Structure formats: structure tokens, C-alpha cells
Amino acid sequence: MRPHDTFLINEHGLSLTYEDLYKSSAKLANSLGRLDVGYGGDKVAVVMNNSIEAVISLFAVWMLGASAVLIDPLTTSEDLDYQLSDLTPKVIIADRPVIEREATVLFKYRIIGVDTSRQGVLSFQELLGSGSITGFRPAEVRVDDVGLIYYYAGIAGRTMQVWHTYFSLYSGPYAFGEAIGLSPPRTLCLWLPSYPTYSALPSSCRPS
């Protein structure tokens, strides 16, 4: 891949190159680091609809070697409260609709809001703008460190955590990409609104 190759295009036609992704994620990671998020078991909950900001948030968390926790933005208040109390995240990154709907649950934690200026909520855009990539280096992680967590009821009949290590974040999408023939320079992967978003990671994690 080349730095100026397009990585992602959203439903409004806004695009993000690989260089944009790296720089934006590094800036946000730098700001999250100032909020005491880092390697060693820290968790950051991402509760928002599919968006460029959601992708930047995931990669920022991974650059710090922390665990990104994907929570369905349409989950019930009761289930959201259960998941957050089970996780005790250092930070929650959420978009405006989620914050407006679930303020009672979310305000027990430190919140970063996308496209909102609500009192008591840190601004995603301001943190992104104030972050620096000068001297920033992504954390070194072990293959068995947990990089992604989400909750799933499935056949168990109760909500439980599903973990993906950093190794599986690489090897799973790589194998999937090989199986369906994803390759540069012209690859289009349609990402429909869905949850969990792990299914969309092949296009983002598979190396070229």
C-alpha cells in the first residue's frame, strides 16, 4: 500500500487515506495517553455507529496497546449499563445520538463525544486537534494481549465477553482476505451498518 491510497470512504463521500488514518489515530492516541490510557489492560469503550471517527478510535486504542471494546450503539440501557459496569473502561468514546439517548448510564464514566459540545463531555475533535505525532511511537504488544472485546449472547443465552488477541486481529482478517482474493490496487469492500464490526476488519488490517 502507498500512503496516499484510499483506505476508507464513508456514506457521505468523505475519504481517508492510509496516511490520514495513521496520523489521525496517532494524534488521538497521544491525547488518550494524556488521559492515562495505555498498555497493560486498559479498556476503551467505543459506542457509536459506523463512521470514520469510529475507525480512527479503534486504531488509536490499538496504537496504545490497550483493548478496544465495541458496544452496539443500539443496545438497551440495561445491557449498556451491565457491559460498562463489567468492563470499567478508562474512557468511553460515543457519538451524539448515543450520548443524548444514554446520558444517565454514560455519565458515570469519562466520555469523549463525537460532534457534541455537551457539558462534561470531552470533544473528540478537540482531542484530535490537540494531539501530536511528534515523537509518538505505537506501543509494542504481545501476540496474546487482548486487542478487541465485544459482548455476545449467542448460544450461551446470556451476555458474555468475546476476546480477540492482537494476533487474531492480524491473522483472522489476513486469512479471510486471502480466501476471498482481496488484493491491491483496486479492492472495494462494502461495509454495511452492522455489529460487531470485527467482520469489517479484513479490509483494514490485511497488509498489501
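Quantities reported herein were computed from a predicted structural model and do not represent experimental measurements.
The CG atom of Leu74 sits 6.0 Å away from the CG atom of Asn49 when rounded to the nearest 0.5 Å. Between atom NZ of residue Lys23 and atom OG of residue Ser132 there is a gap of 11.5 Å, rounded to the nearest 0.5 Å. With values rounded to the nearest 0.5 angstrom, Asp81 atom CG is found 9.5 Å from Leu106 atom CG. Taking OH of Tyr109 as the reference point, atom OG of Ser85 lies at 5.0 Å (rounded to 0.5 Å).
Nearest heavy atom pair, residue Met63 against residue Ala29, reads CB-CB, 4.1 Å. Across every non-hydrogen atom of Ile149 and Lys43, the tightest pair is CD1-CE, 4.1 Å. Contact record, Gly33 with Leu64: N-CD1, 4.2 Å, taken as the closest heavy-atom pair. Scanning all heavy atoms of the two residues, the minimum distance from Ala60 to Leu32 falls at CB-CD1, 4.2 Å. Taking both residues in full, the closest heavy atoms of Phe136 and Ala26 are given as CD2-CB, 3.7 Å, listed atom of the first, atom of the second, then distance. The shortest heavy-atom contact between Gln125 and Val114 is NE2-CG1, 3.8 Å.
There is a path of hydrophobic side-chain contacts, each under 4.5 Å, that joins Leu87 to Trp163. Criterion: ILVMFWY side-chain heavy atoms under 4.5 Å apart, direct or through other members. Under it, Val162 and Leu169 are part of a common hydrophobic cluster. One hydrophobic cluster, built from ILVMFWY side chains closer than 4.5 Å, cannot hold both Leu148 and Phe167; they sit in different ones.
Taking the side chain as every heavy atom from C-beta outward, Ile99 and Arg118 approach each other to under 4.5 Å. Looking at heavy atoms from C-beta onward, Tyr152 lies out of side-chain contact with Met160 at the 4.5 angstrom threshold. In this structure, the side chains of Ile112 and Ile92 stay at 4.5 Å or more apart for every pair of heavy atoms. Contact check for Ile93 versus Met48: side-chain heavy atoms found under the 4.5 Å cut-off. Within the 4.5 Å cutoff, no side-chain heavy atoms of Ile71 are placed close to those of Val98. In this structure the side chain of Phe124 reaches within 4.5 angstrom of the side chain of Ile56, judged on heavy atoms. Proximity of Leu128 to Ser24: side-chain heavy atoms (C-beta onward) are separated by under 4.5 Å at one or more points. Leu70 is listed as a side-chain neighbour of Leu58, based on a closest heavy-atom distance under 4.5 Å.
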Could you walk me through whether Asn30 and Leu127 pass side-chain contact (heavy atoms from CB on, under 4.5 Å), step by step?
-> CA-CA 9 Å; Asn30 178 259; Leu127 290 175; over 6 Å; no
Using the side-chain contact (heavy atoms from CB on, under 4.5 Å) rule, take Tyr39 and Asp145 through it: C-alpha gap first, then chi angles, then the decisive distance, then the call.
-> CA-CA 10 Å; Tyr39 178 77; Asp145 286 332; 2.8 Å; yes
Apply the test side-chain hydrogen bond (donor to acceptor under 3.5 Å, both in side chains) to residues Asp72 and Tyr150: give CA-CA distance (whole Å), side-chain angles for both, the deciding distance (0.1 Å), then the verdict.
-> CA-CA 9 Å; Asp72 184 354; Tyr150 57 85; over 6 Å; no
Passes side-chain contact (heavy atoms from CB on, under 4.5 Å), Val44 versus Val37? Steps please.
-> CA-CA 8 Å; Val44 176; Val37 177; 3.7 Å; yes
Would you please test Asp86 and Tyr151 for side-chain hydrogen bond (donor to acceptor under 3.5 Å, both in side chains) and show each step?
-> CA-CA 11 Å; Asp86 186 51; Tyr151 283 80; 2.5 Å; yes
Report the C-alpha distance between Asp79 and Thr75 in whole Å, list the side-chain angles of each, state the deciding distance to 0.1 Å, and finish with yes or no for side-chain hydrogen bond (donor to acceptor under 3.5 Å, both in side chains).
-> CA-CA 6 Å; Asp79 206 33; Thr75 194; 3.3 Å; yes
Taking it one step at a time, do Ser130 and Arg34 satisfy side-chain hydrogen bond (donor to acceptor under 3.5 Å, both in side chains)?
-> CA-CA 11 Å; Ser130 64; Arg34 296 199 305 270; 3.1 Å; yes
Would Lys108 and Leu84 satisfy side-chain contact (heavy atoms from CB on, under 4.5 Å), going step by step from the backbone distance to the final call?
-> CA-CA 9 Å; Lys108 301 174 186 177; Leu84 292 175; over 6 Å; no
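The main-chain N or O of Gly38 is found under 3.5 Å from a side-chain atom of Asp42 such that the two form a donor-acceptor pair. Between the Thr165 side chain and the Asp144 main chain, no donor and acceptor come within less than 3.5 Å of each other. Between the side chain of Ser67 and the backbone N or O of Val146, at least one donor-acceptor pair lies under 3.5 Å. For the pair Ser25 (side chain) and Tyr22 (backbone), a donor-acceptor distance under 3.5 Å is absent.
Residue Lys27 qualifies as open at atom NZ: its count of foreign heavy atoms under 6.0 Å is 12 or below. The environment of CD in Glu126 is sparse: at most 12 heavy-atom neighbours from other residues, nucleotides or ligands sit within 6.0 Å. Counting non-hydrogen atoms of other residues, nucleotides and ligands closer than 6.0 Å to CZ of Phe107 gives a total above 12.
Between Asp115 and Arg96 there is no salt bridge, since no side-chain nitrogen of the basic residue lies less than 4.0 Å from a carboxylate oxygen of the acidic one.
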